Every structure is written in C-alpha cells, then in structure tokens.
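This is a predicted model, so every value here is computed, not measured. Letters A, B, ... mirror the listed sequences (proteins, then strands); counts begin at 1.
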Protein chains: 2
Amino acid sequence: MPRAGLDPAAVVAAGAALADEVGHTGLTMGLLAERLGVRTPSLYKHVGGQADLNRRIAALALGEAADAVGGAVQGYAGRDALAAAARAFRTYVVAHPGRYAATIGVEPTGPDDPMAASSARLLGAFRAVLRGYDLADSDVDHALRMLRSLCHGFATLQAADGFQWSADVDESFEWLIDFADRGLRAS
Amino acid sequence: MPRAGLDPAAVVAAGAALADEVGHTGLTMGLLAERLGVRTPSLYKHVGGQADLNRRIAALALGEAADAVGGAVQGYAGRDALAAAARAFRTYVVAHPGRYAATIGVEPTGPDDPMAASSARLLGAFRAVLRGYDLADSDVDHALRMLRSLCHGFATLQAADGFQWSADVDESFEWLIDFADRGLRAS
DNA sequence: GCTTTTGGCTAACTTCATTAGCCAAGGGGG
DNA sequence: CCCCCTTGGCTAATGAAGTTAGCCAAAAGC
C-alpha cells in the first residue's frame with residue numbers, strides 16, 4: 001500500500017474545500033477520507049478528530065478572511081475603505097460558506113491557539129477601517145462590534161438563504177454600507 | 001405500561017427547553033426521550049424525526065420572538081420603538097439560545113408551513129418599527145434587512161461567546177441602538 | 001543494511017437516528 | 001358490560017458516523 005503523502009495542512013485544506021461543497025454539517029470524516037483516497041481512521045494520524053479538524057478549518061477561514069479584508073482595504077480610507085472591507089468580507093463568506101460556518105461557536109482553547117491569532121488579524125483589519133472615522137476612543141470597540149455584527153449577520157443570513165422576500169441582495173448590501181458610513185460619520 | 005400522555009406540542013416544547021439547556025447541537029432524540037420519561041422510538045409517534053422536530057422548534061422560537069418583539073413595541077414609536085424591539089429580540093435570543101439556533105438555516109417547506117407564518121410575524125414587528133422613520137418605500141426592505149442583520153449578528157455572536165475582548169456587551173448594544181437610530185433618521 | 005518512526009490499514013466498539021413490528025391502554029358502539 | 005380498534009407505548013434490529021486499538025509496511029535516519 002503506497003503512502004498518500006498527507007499531512008495536517010493537506011487534510012485541513014481538503015476539509016475546508018469539502019465543507020464549502022457539501023456544507024458544514026455535511027462534512028463527515030468518511031467523506032473527507034474518501035476524497036483524499038484514504039480510509040477514515042488514517043485521518044486520525046493527522047488531526048485529532050472532528051472537533052480538532054473543525055477548529056483548524058476555522059483558523060484557516062479566519063486567516064483567509066483577514067487576508068481578503070486586509071488586502072481590500074489597502075490604499076483606501078473612510079467610506080471607500082469601509083465599502084472595500086465589507087464587500088471583501090461578504091464575498092469571502094459567500095464563496096466559502098462551509099469554512100466560515102466552521103468559525104461559528106468555536107472559542108480559542110488558549111493564548112497560543114492559531115485561531116486566536118487569525119481572529120485578531122481579522123479584527124485588526126476592521127479596526128483599521130475605523131481609523132478613517134473620527135471616533136472617540138471609547139466608541140471604537142462598540143463600533144467594531146457593530147461592524148462585525150452587521151457583516152456577520154448579513155453574510156450568514158444570506159448564506160443560509162435567510163432573505164426570502166424579493167428585493168435585490170446586492171443592492172441591500174450597498175445600502176447597508178451607506179447606512180454604516182452615515183452612522184459612523186455622525187458619531 | 002401506563003401512557004405518558006404526550007402529544008406533538010409537548011414533545012416540541014420539551015425539545016425547545018432541552019435545546020436551551022444543552023445547546024442546539026447537544027439536543028439528541030435519546031436525551032429528549034429520557035427527559036420525557038419515554039424510550040427513544042416513542043418520539044416518532046409525535047414528530048417525524050430530528051429534522052421535523054428542529055423545524056417545529058424553529059417555528060415555536062420565531063413565534064415567541066415575534067410575540068416578544070411585537071409586545072415590546074406596543075405604544076412606542078421612533079427611537080423608543082427601535083430600542084424596545086432590539087432589546088426584546090436580544091433578550092429573547094440570549095435567554096433561548098438553543099431554540100433560536102434551531103431557526104438558522106431552515107427554510108419553510110411550503111406556503112402552509114407554520115414557520116413561514118411565524119417568520120412573517122417577526123418581520124412584521126420589525127417593519128412596524130420602521131414606520132416611525134421617514135423612509136422611502138424603496139428603502140424599507142433594505143432597512144429591514146439591515147435591522148435583521150444587526151440584531152441577528154449581535155445576538156448570535158454574543159450567544160456564541162464571540163465577543164472576546166473587554167468592553168461591556170450591554171453598553172455596546174445600547175451604542176448599537178443609537179447608531180441604528182442615527183442612521184435611520186439620516187436616510 | 002539495520003532500526004526507528006511514521007502513516008497507512010482492518011477490525012471492533014459506541015452512539016445516534018430511524019424503522020419494523022408487537023402489544024397493552026383506553027375510548028366508542030353494540 | 002364486552003368487543004374492537006385506534007393509539008401510543010415498547011423491544012429489537014439496522015445503518016451511518018466517530019473513534020480507538022493494534023498490526024504492518026514504507027520511508028527516513030544512522
């Protein structure tokens with residue numbers, strides 16, 4: 001039996017890709033093993049189990065999202081930066097719904113958890129957007145939570161097909177960016 | 001063996017309560033059966049299975065949330081109505097995280113699905129709040145999605161312990177209400 | 001070339017959801 | 001009061017999924 005040449009990173013990457021295809025809840029160890037051309041128990045040589053796999057996928061997704069948002073913001077400030085960040089975030093979540101779903105409800109286990117670092121990077125990218133607005137120091141954390149709630153809420157509702165009525169979703173999202181910009185400038 | 005006197009409503013109510021205790025993912029048919037003093041297969045005389053149970057819990061939760069929000073809004077308009085609605089919604093989700101989690105990612109199966117009616121009632125309660133603002137007709141749907149994203153995002157992030165840094169969560173939520181009010185009045 | 005670690009494997013166990021099929025409890029009509 | 005029949009329990013069995021134990025060959029290091 002020739003070796004498959006797997007390592008943790010390859011398993012996690014394949015798991016993330018599979019989650020995007022079949023949905024977070026549809027991701028099973030058996031399906032992932034089949035995709036990798038390997039029997040299920042072999043996966044346990046690379047990841048600790050389903051919970052560990054999920055945590056690693058979450059760290060990957062948060063890092064990718066941070067890169068996407070951070071990159072999109074480069075060179076912009078104020079409303080442009082806000083719009084770029086929000087669009088990049090939503091684009092990422094809609095393109096990778098399975099990975100992103102893996103991030104919901106997982107907390108970092110400790111200070112050296114790679115998830116904590118990725119999460120902090122994503123937060124930092126949004127914090128950079130807020131520097132383009134004239135906010136009191138005490139308002140920055142609140143504004144950050146607001147932005148995160150808004151983006152997370154919209155993206156997950158859209159990913160879950162939660163907008164059932166008729167108006168155009170892209171148009172709503174642009175409206176929402178305008179709305180946030182107005183609110184932040186009026187702070 | 002004496003009868004337990006169950007019916008679908010009792011099973012759903014117990015399932016919702018159990019989901020709030022052990023979390024949406026921790027709710028199993030076996031645990032629910034044990035809670036009701038019955039063997040697992042007996043539940044299938046009252047609900048179609050786990051998916052059906054989840055759908056019914058979701059319908060219950062949306063209806064309860066609609067009642068909470070609708071009731072809280074009574075007699076208020078404008079900023080007061082917005083604040084009352086947002087607080088009622090968040091209070092409900094934080095008090096019933098398991099039930100509310102059951103509503104994510106389920107779509108009504110048909111027009112006579114009770115979930116559709118509950119969902120519409122909740123939406124209607126938020127729509128009533130928006131009547132206190134001077135919005136163009138074309139903006140109402142967008143504003144509704146914005147409100148829903150904001151409330152849903154904040155409540156689920158909080159329920160998932162997603163706010164890891166230090167600032168006070170209640171204070172952030174009040175800030176968020178102010179923010180939404182400013183943005184809506186500036187439309 | 002030998003040894004050690006590594007990464008496959010099969011087999012077995014556990015937990016859950018679900019189905020099949022049995023059987024008593026309880027209600028309605030003779 | 002008794003019979004019947006629907007209803008709501010039950011046990012037993014099946015199947016999927018996660019996980020563990022333990023074997024064994026392939027690579028890697030000396």
Rounded distance in Å - CG (Asp52(A)) to P (dT20(D)): 12 Å
Between P of dA17(D) and CG of Leu18(A), the distance in whole Å: 12 Å
Hphob cluster co-occupancy, Leu176(A) + Leu147(A), side-chain heavy atoms under 4.5 angstrom: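 Yes, it is one cluster - the side chains of Leu176(A) and Leu147(A) are joined through contacts under 4.5 Å.
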Arg87(B) vs Asp170(B), salt bridge (Lys or Arg N to Asp or Glu O under 4.0 Å): CA-CA, chis, key distance, verdict: CA-CA 10 Å; Arg87(B) 290 188 194 118; Asp170(B) 293 338; over 6 Å; no
Straight-line distance of His142(B) NE2 to Leu130(B) CG, nearest 0.5 Å: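 Here the rounded value is 12.5 Å.
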Spacing of OH belonging to Tyr44(A) relative to CZ belonging to Arg39(A), to within rounding of 0.5 Å: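 One gets 15.0 Å once the value is rounded to the nearest 0.5 Å.
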Other residues, nucleotides, ligands: >12 heavy atoms within 6.0 Å of Glu34(A) CD: no
Within 6.0 angstrom of Asp134(B) CG, more than 12 heavy atoms from elsewhere: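 Result for CG/Asp134(B): open.
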Members of residues 28-50 of chain B that approach DNA chain D, where some heavy atom sits under 4.0 Å away: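 Those residues are Val38(B), Arg39(B), Pro41(B), Ser42(B), Lys45(B), His46(B).
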Axis bend over the full length of the helix from dG1(C)-dC30(D) to dG30(C)-dC1(D), computed from five pairs that close each end, to 10 degrees: 10°
Aromatic centroids of Tyr92(B) and Tyr100(B) separated by under 6.0 Å: no
Aromatic plane relationship, Phe179(B) with Phe179(A) - under 30° parallel, 30 to 60° tilted, over 60° perpendicular: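 Aromatic pair Phe179(A)/Phe179(B) classed perpendicular.
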